[in-house]
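One structure below.
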Number of protein chains: 2
Amino acid sequence: MASTDSPGNGGRRGRRPGDSGTREAILDAARARFSGEGFRGATVRAIAGDAGVDPSLVMHFFGSKQALFVAAMEFPLDPAEIVPRLVGPGVDGLGERLLRFLLGIIDELGEANPMLGLVRSAVTHPDAARMMREFLGEAILDRIAAAIDADRPRLRAELCASQIVGILMARQILALPELAAADRELLVGIYGRTIQRYLTEPLASS
Amino acid sequence: MASTDSPGNGGRRGRRPGDSGTREAILDAARARFSGEGFRGATVRAIAGDAGVDPSLVMHFFGSKQALFVAAMEFPLDPAEIVPRLVGPGVDGLGERLLRFLLGIIDELGEANPMLGLVRSAVTHPDAARMMREFLGEAILDRIAAAIDADRPRLRAELCASQIVGILMARQILALPELAAADRELLVGIYGRTIQRYLTEPLASS
DNA sequence: ACTCGGATTCAACGGACGTTGAGATCGTGG
DNA sequence: CCACGATCTCAACGTCCGTTGAATCCGAGT
């Protein structure tokens, strides 16, 4: 990690001029570390180092590592605005729209992706698993479930979530080679049809 | 975790009679801890405690925490035997067969599931991610890819892997409620059709 | 009967971690 | 121009971790 040590320069104590943006620098470093190494793997000391700052300043700003995690993993997009925009045009082609959007922000956010941080932490840290379950559930799944007109809407939304989390794991974390290299529109087509089926087609097998 | 402390009793030093099964007790405890908390979260001391044994005995048997992890996460079933048995009857209904088998062993293994341990560790620990990628790739995906008669077989196998890992994440780790409670045969039907599509149907969207 | 070597424990090490408390610095409002 | 309070660093704490080294115990081979 490139320790740019832009703020907090010089080893001198005391306040530097202006607003100094140190708080934001710490949040950026925390996002990168938590996303890349999960809650346990990321250390307050490393985050402070990346931000060019003393570890105790992190505590001064955020109180605890846990609180820093919550602040850093806040999702940069508001689901209350995004989900209706995706669902708005109707249920036709919703699968493809959802996937194009998701793969887009995954590629755009790269390694500083709060979803990666949540997944990497949820897997080890029960508190983070609860955070993710609640965020996923209330902010996204229930909204989608409310928008589709079919039996067992919540189960359908969870089916979609299982495939989407799987994409995240396979491409970003396990880095399965052909999947990671595949053309985005190809994946939109393949996975989009799966999601569409989970959302609207009959569930019971023949 | 129920610290049964069956071996190593009494705080007395020296050798206890016979073969003593201590090594196996350590492996069992390691499987449970690694599966439940991942590589970083599981501690040698806790594993030793569960096995009723001094931490240094773990080192004596296995040399290092890393080596213990490798020994404990060895998959209890041999893919070289399982995969052909599943693929054998032909590609028809392969999706359902694969899923029935997978959901079966997931429920059977419960929390002491090496796949869970690998996933929980891969997410944080790059070495474990490599282990899992190689195991998945060589032992399973390539074998499946070799068995199907369609274009881009390896990509198809990775598509299946992405859905299967997603099932593991959603049901066992995130514990999405409706998915965790759903009837097994219902899931076999739903996911089986997805897997079947990834394996045999045309990839390109219309 | 006597050694030999594996099984086992105890005590300790050095390092990393999250967190704390005290103090230094300096822009800003009165 | 002075005191206040926010920003920032330093040094240290207690804890837990993986690992090591030495010592003890005892079954097995000769």
Side-chain angles (χ1 to χ4, degrees), chain A residues 1 3 5-27 29-30 33-34 37-72 121 124-125 127-128, chain B residues 1 3 5-27 29-30 33-34 37-72 121 124-125 127-128:
Chain A
M1 299 288 166
S3 179
D5 67 0
S6 26
N9 268 336
R12 259 158 42 260
R13 300 189 184 181
R15 194 191 194 189
R16 236 55 70 235
D19 199 354
S20 77
T22 301
R23 199 192 153 91
E24 276 307 316
I26 292 174
L27 274 176
R33 287 282 181 177
F34 282 134
E37 311 174 34
F39 183 79
R40 253 183 179 111
T43 70
V44 172
R45 291 168 132 95
I47 291 168
D50 289 353
V53 138
D54 190 89
S56 54
L57 188 59
V58 176
M59 303 316 270
H60 178 252
F61 275 137
F62 297 95
S64 71
K65 185 187 183 183
Q66 180 73 39
L68 172 63
F69 179 75
V70 173
S121 306
T124 275
H125 213 269
D127 286 2
Chain B
M1 298 289 164
S3 180
D5 67 358
S6 27
N9 268 337
R12 261 161 36 262
R13 298 191 185 179
R15 194 191 197 190
R16 236 54 71 237
D19 198 354
S20 79
T22 301
R23 198 193 155 91
E24 276 307 316
I26 293 174
L27 274 176
R33 288 281 180 178
F34 282 135
E37 312 174 34
F39 183 81
R40 252 179 178 114
T43 70
V44 172
R45 290 169 133 94
I47 291 168
D50 289 353
V53 138
D54 190 88
S56 55
L57 187 59
V58 177
M59 292 296 143
H60 179 252
F61 276 139
F62 297 96
S64 73
K65 185 187 184 184
Q66 180 72 40
L68 172 62
F69 179 76
V70 172
S121 306
T124 275
H125 213 268
D127 287 1

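If you're wondering where the values come from, they're calculated on a predicted model, not measured in any experiment. So you know, we letter chains A, B, ... as the sequences are listed, proteins then strands, and number each from 1.
- D:dC8 atom C1' lies 15 Å from atom CZ of A:Arg23, rounded to whole Å.
- Nearest approach of B:Asp50 to B:Ala29, heavy atoms of both residues: CB-CB, 3.7 Å.
- In this entry the distance linking CZ of B:Arg33 with C1' of D:dG18 reads 16 Å, nearest Å.
- Separating the CZ atom of A:Phe61 from the C1' atom of D:dG5 is a distance of 13 Å, rounded to the nearest angstrom.
- The CG-P distance, from B:Leu57 to C:dA7, rounds to 8 Å in whole Å.
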Taking distance alone, no hydrogens or angles, what donor-acceptor pairs closer than 3.5 Å link side-chain atoms of residues 60-70 of chain B to residues at least two apart or in another chain?
from    : atom 1 : to      : atom 2 : distance (Å)
B:Ser64 : OG     : B:Gln66 : N      : 3.4
B:Ser64 : OG     : B:Ala67 : N      : 3.1
B:Lys65 : NZ     : B:Phe39 : O      : 2.8
B:Lys65 : NZ     : B:Ala42 : O      : 2.9

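- Listed here is the closest heavy atom pair of A:Thr124 and A:Arg40: CG2-NH1, 2.9 Å.
- C:dT8 atom C1' lies 10 Å from atom CD1 of B:Ile26, rounded to whole Å.
- Checking the phosphate oxygens (OP1, OP2) of C:dT8, a side-chain nitrogen or oxygen of B:Thr22 falls inside 4.0 Å.
- Contact record, A:Ala72 with A:Ala30: CB-CB, 3.9 Å, taken as the closest heavy-atom pair.
- Residue B:Ser56 is classed as a base contact, given a heavy-atom separation below 4.0 Å to a base.
- DNA chain D lies under 4.0 Å from at least one heavy atom of each of the following residues of residues 41-48 of chain B: B:Ala42, B:Thr43, B:Val44, B:Arg45.
- To the nearest angstrom, P of D:dC13 lies 18 Å from CE of A:Met59.
- Of all the heavy atoms in A:Ala48 and A:Asp54, the pair that sits closest is CB-C, 3.9 Å.
- Heavy-atom minimum distance, A:Ile47 versus A:Ile26: CG2-O, 3.9 Å.
- Computed from coordinates, the A:Asp54 CG to C:dG23 P distance equals 16 Å when rounded to whole Å.
- If B:His60 and A:Lys65 are placed on DNA chain C by their nearest nucleotide, the residue sitting closer to the 5' end is B:His60.
- In this structure, B:Phe69 atom CZ and D:dT19 atom C1' are separated by 19 Å, rounded to whole Å.
- Under the side-chain hydrogen bond (donor to acceptor under 3.5 Å, both in side chains) criterion, B:Thr43 pairs with no residue at all, not counting sequence neighbours.
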